[in-house]
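To keep things clear, I will list the structure first and then write my remarks on it.
Side-chain atoms are counted along with the backbone in the values below, which use heavy atoms only and exclude waters and symmetry mates.
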Amino acid sequence: MTTPTTDLSPAPAGWRSWLRDHSELGVCVMLLMLGVLVLTDALTMDVDIAQRGPVGPKTVPVVVGAGLLVVAALLAVDVVRGGRGQAETGEDVDLSEPADWRTVLLLTGVFLGSAVLIEPLGFPVAGALLFWGAAFALGSRRFDRDPLIAAVVSLVAYTVFNNLLGVPLPGGPLMGVL
């Protein structure tokens, strides 16, 4: 007489099927890792809190990191209980069309170029090139208007961050002139 075996582990195909049905757990893992990273970075930040007052530079990253952990946990519970994400219905996207790799590559190039040029040229010039290049990559061909708007947006962003918020940005050679 044989004794029945009680193997509670699902077959490998069963695990794959379960993971496919609960693929949103990947988002939970990503949110969890991002929350841990933000909290670790915020809590190991070297800041003299007495200089800053009761709400220092650690406050917002700690709140954001804790929020990411809470959202990851709540989403994981919802997914395990059977919750599913709904397909977007608001956008008019034809999924049968191929990806627009030209735009993606142009935007990537503009972003990387801006990152390389920010030190030698400063934020106002690199930011203007970033805004103008992004507008061009996304389809704007108004060569009379776009550079002017990009320069104004870049100077306003530089002024707000550098002067009002106290976030030092590289000014570059034009800051001696302006």
Side-chain angles (χ1 to χ4, degrees), residues 19-42 57 59-72 74-76 78-79 83-178:
L19 285 174
R20 191 176 311 112
D21 291 341
H22 297 88
S23 61
E24 290 93 347
L25 289 175
V27 175
C28 299
V29 170
M30 183 198 65
L31 289 173
L32 176 74
M33 291 182 346
L34 188 61
V36 167
L37 176 70
V38 169
L39 278 176
T40 303
D41 196 34
T59 306
V60 171
V62 167
V63 169
V64 169
L68 285 167
L69 295 179
V70 168
V71 168
L74 291 175
L75 182 60
D78 181 55
V79 169
R84 299 286 303 183
Q86 294 180 355
E88 283 198 37
T89 58
E91 293 187 31
D92 186 22
V93 177
D94 186 6
L95 296 176
S96 64
E97 290 292 318
D100 185 7
W101 288 108
R102 178 183 179 272
T103 301
V104 171
L105 292 175
L106 280 173
L107 284 172
T108 303
V110 166
F111 180 75
L112 292 175
S114 174
V116 168
L117 294 174
I118 197 165
E119 277 301 320
L121 298 181
F123 182 84
V125 174
L129 292 173
L130 172 68
F131 296 135
W132 188 18
F136 179 83
L138 294 173
S140 179
R141 298 298 183 258
R142 296 287 309 261
F143 297 113
D144 57 335
R145 179 187 68 184
D146 291 345
L148 180 63
I149 291 173
V152 169
V153 168
S154 182
L155 284 173
V156 167
Y158 176 80
T159 303
V160 167
F161 278 94
N162 197 56
N163 299 345
L164 298 178
L165 296 176
V167 177
L169 296 173
L174 286 182
M175 288 300 101
V177 176
L178 296 178

Residue pairs passing the salt bridge (charged side-chain N to carboxylate O under 4.0 Å, His left out) test where at least one lies in residues 120-144, sequence neighbours excluded: R142-D144
Exercise: identify the closest heavy-atom pair between L155 and P124: CD2-CB, 3.9 Å
Distance-minimising heavy-atom pair for A42 and V62: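 Residues A42 and V62, closest heavy atoms: CB-CG2, 3.9 Å.
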side-chain hydrogen bond (donor to acceptor under 3.5 Å, both in side chains): pairs with one or both residues in residues 105-119, sequence neighbours excluded: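 Output for this query is empty, none listed.
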Sequence-distant partners of V110, side-chain contact (heavy atoms from CB on, under 4.5 Å), two or more places apart: L130
Test side-chain contact (heavy atoms from CB on, under 4.5 Å) applied to A76 - qualifying residues, sequence neighbours left out: L25, C28
Short side-chain to backbone donor-acceptor contact, S154 and A150, under 3.5 Å: no
Pairwise side-chain contact, L112 with V116, heavy-atom cut-off 4.5 Å (strictly under):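 No, their side chains stay 4.5 Å or more apart.
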Listed pairs under 3.5 Å, donor-acceptor, residues 131-139 side chains, sequence neighbours left out:
none

Residue of the set L39, T40, L34 for which side-chain contact (heavy atoms from CB on, under 4.5 Å) holds with V36: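 With V36 as partner, L39, T40, L34 yield a single side-chain contact (heavy atoms from CB on, under 4.5 Å), made by T40.
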Name every donor-acceptor pair, under 3.5 Å, that has one atom in a side chain of residues 162-172 and the other anywhere in the protein, sequence neighbours excluded.
{"residue": "N162", "atom": "OD1", "partner": "L169", "partner atom": "N", "Å": "3.2"}
{"residue": "N162", "atom": "ND2", "partner": "Y158", "partner atom": "OH", "Å": "3.3"}

Spatial distance of atom CG (L69) from atom CE (M33) [nearest 0.5 Å]: 12.5 Å
